[in-house]
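Right, one structure below, let's go through it.
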Number of protein chains: 2
Amino acid sequence: MQHSELGFAPSRSIFHTPTRYALQVLVRLPSDGTYRLARCLAADLELPGPYLAKILQILSQCGILESHRGPAGGFRLHRAPEDITLKEVVVAMEGPEPFGDCLLGHHGGKDGCHCPIRPAWDVLQNQLTAFMAETTLQDLKVSHDLSSISDEPDRPDAVPV
Amino acid sequence: MQHSELGFAPSRSIFHTPTRYALQVLVRLPSDGTYRLARCLAADLELPGPYLAKILQILSQCGILESHRGPAGGFRLHRAPEDITLKEVVVAMEGPEPFGDCLLGHHGGKDGCHCPIRPAWDVLQNQLTAFMAETTLQDLKVSHDLSSISDEPDRPDAVPV
DNA sequence: CTATATTCGGATGACTTAATCCTTTTAATG
DNA sequence: CATTAAAAGGATTAAGTCATCCGAATATAG
């Protein structure tokens, strides 16, 4: 099975970049109640700093994270990891229809689309959604015993001479 | 479940635009052996003409379509609709890993990624792939008795006055 | 109350994907 | 053989997503 390029790079995930970043952070965020700096989170996971900051803001507005300004501020989980589902995170980042309403891109809502792939796609979509709804951050953490990100308060970017 | 915007519009499908356009055309292309003009295909489905032309070229190079130049030329299916699978089309347009190798975007191939969602995602991914591999263009046509695109040779864009 | 450290929010820039335009090549027809 | 009609292919533009920058707001500490 050959494939021909049209101009876009191979997609790394069915989710958009902000969603992937969000999940990467949430899965490794410790649940000990301490606030973590956006800057340090980004550094530890090697993600673009200012961009991740914006994503953390969104997660705060959606009630998934809790933010605190000023010195000793930062971000932490707003609820226990077992109370935050994968689905909730994805919906927060991608919107209410994370997989689009139609595989072929037809619009017109649930009813308006007469596309032939629709019935089969709905089945698969429901399986995806169900999986995401029953999987929590805690599940993800435990399943592979993820190491939480480091505890160091801050490294002042060690400017040499 | 609230969701916050970050700058991108709600995705209409998990596939890229060219893939959706390709499927839309293929599903409605008649299998009577006649060549159809890129221009007319685009007009009938209300898709951007020159862009669709490029996509048709790719499908030709992959052996899904057959093209013929000059007058009375155009595009037609290279094989019977029951011999062209959904998977083949998607792979042709999206590359060998249509869903990305990892939900969180980790790279490192099948083994290098220790992401906690991996096992469950692999299961779902296999279901998606299996569905696409066993679904042919013919299945899609029959399931909803799609009307093939019109037979008119060409309309010269009827410039009034 | 001042200084400092952080999130917040808007404006801007860079890069990727979508789409167009124009020239060349190929084939059919008179 | 000239004309015409179509796909093929490259260069260019437009739109969308990703990412950065900077000023404002807010909270802590001295």
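To find a chain, count down the sequence lines: A is the first, B the second, and so on, and within it residues start at 1. Note that these values count all heavy atoms, side chains included, but never hydrogens, waters or copies made by symmetry. All of these numbers come straight from a predicted model, not from anything done at the bench.
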Would you find a donor on one side and an acceptor on the other, under 3.5 Å apart, between the side chain of [X] and the backbone of [Y]?
X	Y	value
R79(B)	G63(B)	yes
Q125(A)	G100(A)	yes
D139(B)	T136(B)	yes
H78(A)	E66(A)	no

Query - Side chains of R69(A) and S67(A), donor plus acceptor under 3.5 Å - result: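 Not at all, the side chains of R69(A) and S67(A) share no donor-acceptor pair under 3.5 Å.
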Value in whole Å for how far the [atom2] atom of [N] lies from [atom1] of [X]:
X	N	atom1	atom2	value
Y51(A)	dT12(C)	OH	P	19 Å
R76(A)	dT7(C)	CZ	P	14 Å
L65(B)	dA6(D)	CG	C1'	15 Å
I55(B)	dT17(C)	CD1	P	14 Å
F15(B)	dA18(C)	CZ	P	13 Å
E94(A)	dC18(D)	CD	C1'	14 Å
L52(B)	dT17(C)	CG	P	20 Å
H16(B)	dA15(D)	NE2	C1'	15 Å

Query raised in the report: Between P71(A) and R20(A), which is nearer to the 5' end of DNA chain D once each is assigned its nearest nucleotide?
Result: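 The answer here is R20(A).
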Report task. Indicate, with a heavy-atom threshold strictly under 4.0 Å, whether P48(B) touches base, sugar-phosphate, or nothing. Result ->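 Counting heavy atoms under 4.0 Å across all strands, the contact made by P48(B) is with sugar-phosphate only.
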Query - Nucleotide nearest F8(B) (side chain, heavy atoms from C-beta), chosen from dA18(C), dT20(C), dC18(D) - result: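 Per side-chain heavy atoms of F8(B), the pick is dC18(D).
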Report task. Rounded to the nearest 0.5 Å, what's the gap from OG1 on T19(A) to CZ on F8(B)? Could you check? Result ->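 The distance works out to 5.0 Å.
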Query raised in the report: Roughly how far apart are L41(B) CG and Q24(B) CD, rounded to 0.5 Å?
Result: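 If I round to the nearest 0.5 Å, the distance is 12.0 Å.
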Each nucleotide N or O in nucleotides 7-10 of chain D that has a protein N or O under 3.5 Å away: list the pair and distance.
unit_1, atom_1, unit_2, atom_2, d
dA7(D), OP1, A38(B), N, 3.0
dA8(D), OP1, S67(B), OG, 2.7
dA8(D), O4', R69(B), NH2, 2.8
dG9(D), OP2, Q61(B), NE2, 3.2
dG10(D), O6, K54(B), NZ, 2.6

